[in-house]
Protein chains: 2
Amino acid sequence: MAASKDHGSDTPDAVAASLAEATVVRLPVYFRGLVELAEEGVTTVSSQQLAELAGVNAAKVRKDLSYLGSYGTRGVGYDVGFLMQQIGRVLGGNEPAPVVIVGAGNLGKALSRYDGFGASGFPVAAIVDADPGVVGRRIAGVTVRHVDDLHRVVKETGCQVGIIATPAAAAQGAVDRLVAAGVRSILNFAPTVVTVPDDVGLRKVDLATELHILGYYEHRRGAARATG
Amino acid sequence: MAASKDHGSDTPDAVAASLAEATVVRLPVYFRGLVELAEEGVTTVSSQQLAELAGVNAAKVRKDLSYLGSYGTRGVGYDVGFLMQQIGRVLGGNEPAPVVIVGAGNLGKALSRYDGFGASGFPVAAIVDADPGVVGRRIAGVTVRHVDDLHRVVKETGCQVGIIATPAAAAQGAVDRLVAAGVRSILNFAPTVVTVPDDVGLRKVDLATELHILGYYEHRRGAARATG
DNA sequence: TAGATTGTTAATCGATTAACAATC
DNA sequence: TAGATTGTTAATCGATTAACAATC
């Protein structure tokens, strides 16, 4: 939490640093709702309307938005365009954050060619692989380099996000190298859970964990069906 | 929470249903630590050791494991193999949960061929696409069907997990169809945040949201560097 | 018995929600 | 002014943690 709620005297970055993770998770959802409204030509939105679009309650919307600043107008609501600007700014202002993909197999190649990352502001700036036969090839305009050069590649390209697209057995090693090279975020597509040092600020998204959780819900549902 | 903590009289499924989401998220991480120990031939582990492997504290490990039942031995620790069995059982017992992939473009094809899903217990049982020119082709042994048949495909294959690999513009439509068809979990790879009805139990993982969060941490880190 | 470690309680912390004064 | 809606407070809820009695 910020020591002060007087955002008028805080820098935008100080505001950003003070956001609870739970709030950060919801901001993109609000953002999408605002985009929808903007496309429809709507210029003002109440917390109640935005809550319905985001699937949360109005109190949460107001609380979340209040951390960004007092950008609403009592009795009226929020200006759609202005709120989009503010959320976009806090979430990283669309400054592209280049990513490095580790593993140029089927998945790695597909992810490299997938324009979704670039569209989300995460252009693929580097690809590495352990197979010397693949090193030197170009994929989607990027030349594959050897995984042993990962540290150097990360420094050269300024990548701060690593995407693991290796086989399960190589995933933890790739993570360790990425961490050593200084990336701050890791998206792990390998079918295994990997661990990162209990460092400050390193954010990891583990597809295997997510799948396990989905599996749990599946299982629970089956159980509910069986017992209820 | 379960009304009772007497797991001896609860069915395994009733135990599973009572787990807090925060605990469910950590179980696969413990599981990986246990796999590591088992590979090294270790047969007993203390909450402290497991905590270090998982990057959490020992109290949390004991609390989490206590929801599964009293499977430890005071003064000794936990049996590695037995604990793996218990966690595996609660998380869904390795029963495969077939998935349907929506979108047979570059990403959809790569995900279809990617054996990581199958390895994690999520075999790809169906693929659908909107392009009639793609319908009928076989990808990794699965024949592509038309997205208009999604409801029927889901019913036929028993898929309960949907993976969105469409362009951003088609993602929300795909989600709506999946929800209508009755899937209970959605993994969205499209570069946009999608919303689902505020239904009971539908679990959604949004890669765009995850990327936004990663972006936030990047941004925050840059801000810290700039101001600190 | 002495040492070790669990399982659980109680305290703390943070996030959610309802309610309402402020105010457009 | 009357109605609407924000921003914030205070209450509630749930998750985390420290501490320790139970017990191997």
Side-chain angles (χ1 to χ4, degrees), chain A residues 1-8 10 15 17-27 29-30 34 37 42-80 82-83 86-87 198 213, chain B residues 1-8 10 15 17-27 29-30 34 37 42-80 82-83 86-87 198 213:
Chain A
M1 291 290 160
S4 160
K5 286 199 174 159
D6 178 2
H7 297 312
D10 283 355
V15 174
S18 73
L19 293 180
E21 169 122 357
T23 296
V24 174
V25 170
R26 285 187 295 265
L27 288 181
V29 183
Y30 301 149
L34 292 168
L37 291 169
V42 178
T43 58
T44 300
V45 65
S46 70
S47 58
Q48 180 57 42
Q49 290 173 298
L50 192 51
E52 276 162 26
L53 285 170
V56 299
N57 69 38
K60 205 180 272 180
V61 169
R62 291 201 299 280
K63 196 101 167 84
D64 285 337
L65 296 182
S66 76
Y67 293 132
L68 272 51
S70 293
Y71 296 140
T73 307
R74 286 164 203 245
V76 178
Y78 301 86
D79 182 89
V80 171
F82 186 70
L83 202 50
Q86 296 309 316
I87 293 178
D198 198 12
I213 300 169
Chain B
M1 291 289 160
S4 160
K5 284 198 175 157
D6 179 3
H7 296 311
D10 282 356
V15 175
S18 73
L19 293 179
E21 169 123 359
T23 297
V24 174
V25 170
R26 284 187 296 266
L27 288 180
V29 183
Y30 301 149
L34 292 168
L37 291 168
V42 176
T43 58
T44 300
V45 65
S46 70
S47 58
Q48 179 58 42
Q49 291 172 298
L50 193 51
E52 276 162 25
L53 285 170
V56 300
N57 68 39
K60 205 180 272 180
V61 169
R62 290 201 299 279
K63 196 102 169 82
D64 285 336
L65 296 182
S66 76
Y67 293 131
L68 271 52
S70 293
Y71 296 140
T73 306
R74 287 164 203 243
V76 178
Y78 301 86
D79 183 90
V80 171
F82 186 70
L83 202 50
Q86 296 309 317
I87 293 178
D198 198 12
I213 300 170

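By convention in this document, chain letters (A, B, ...) are assigned in the order of the sequence lines, proteins followed by strands, and residues within each chain are numbered from 1. Computation of the quantities below employed the complete heavy-atom set of this structure, encompassing side-chain atoms and omitting hydrogens, waters and symmetry-equivalent molecules.
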I want to check something: taking the side chain as every heavy atom from C-beta on, are B/D64 and B/L19 in contact at a cut-off of under 4.5 Å?
no
How many whole angstroms separate atom CG of A/L68 from atom P of D/dT8?
13 Å
Any side-chain heavy-atom pair from B/L27 and B/L68 closer than 4.5 angstrom?
yes
Paired with C/dT8 by Watson-Crick or G-U wobble geometry, both distances under 3.5 Å: which nucleotide is it?
D/dA19
Mate of D/dC24 across any strand shown (Watson-Crick or G-U wobble, both atom pairs under 3.5 Å) is C/dG3
Can you measure from OH (A/Y30) to OG1 (A/T23) and round to the nearest 0.5 angstrom?
7.0 Å
Atom CG of A/L50 and atom P of D/dA4: how far apart are they, to the nearest Å?
20 Å
Indicate yes or no: at least one non-hydrogen side-chain atom of B/Y71 is less than 4.5 angstrom from one of B/L65.
no
Contacts table for residues 49-57 of chain A: side-chain donor-acceptor under 3.5 angstrom, sequence neighbours left out:
{"from": "A/Q49", "atom 1": "OE1", "to": "A/S46", "atom 2": "N", "distance (Å)": "2.9"}
{"from": "A/Q49", "atom 1": "OE1", "to": "A/S46", "atom 2": "OG", "distance (Å)": "3.4"}
{"from": "A/E52", "atom 1": "OE2", "to": "A/Q48", "atom 2": "NE2", "distance (Å)": "2.8"}
{"from": "A/N57", "atom 1": "OD1", "to": "A/A59", "atom 2": "N", "distance (Å)": "3.2"}
{"from": "A/N57", "atom 1": "OD1", "to": "A/K60", "atom 2": "N", "distance (Å)": "2.9"}

Figure out the CG/C1' separation between A/L27 and C/dA15, and round it to whole Å.
15 Å
Rounded to whole Å, how long is the line connecting atom OH of B/Y71 with atom P of D/dC24?
17 Å
Nearest heavy-atom pair of A/V80 and A/T44: which atoms, and what distance?
CG2-N, 3.7 Å
Please list, pair by pair, any protein nitrogen or oxygen found under 3.5 Å from a nitrogen or oxygen in nucleotides 16-19 of chain C.
{"from": "C/dT16", "atom 1": "OP1", "to": "A/R26", "atom 2": "NH1", "distance (Å)": "3.1"}
{"from": "C/dT16", "atom 1": "OP2", "to": "A/R26", "atom 2": "NH2", "distance (Å)": "3.1"}
{"from": "C/dT17", "atom 1": "OP2", "to": "A/N57", "atom 2": "ND2", "distance (Å)": "3.0"}
{"from": "C/dT17", "atom 1": "OP2", "to": "A/K60", "atom 2": "NZ", "distance (Å)": "3.1"}
{"from": "C/dT17", "atom 1": "O5'", "to": "A/N57", "atom 2": "ND2", "distance (Å)": "3.2"}
{"from": "C/dA19", "atom 1": "N6", "to": "A/R62", "atom 2": "NH2", "distance (Å)": "3.2"}

Quick one: is C/dT6 close enough that its OP1 or OP2 comes under 4.0 Å of any side-chain N or O from B/T73?
no
If I take atom CD in residue B/Q49 and atom C1' in nucleotide C/dT5, what distance separates them, rounded to the nearest angstrom?
11 Å
Check: D/dT23 base within 3.5 Å donor-acceptor of B/R74 side chain
no
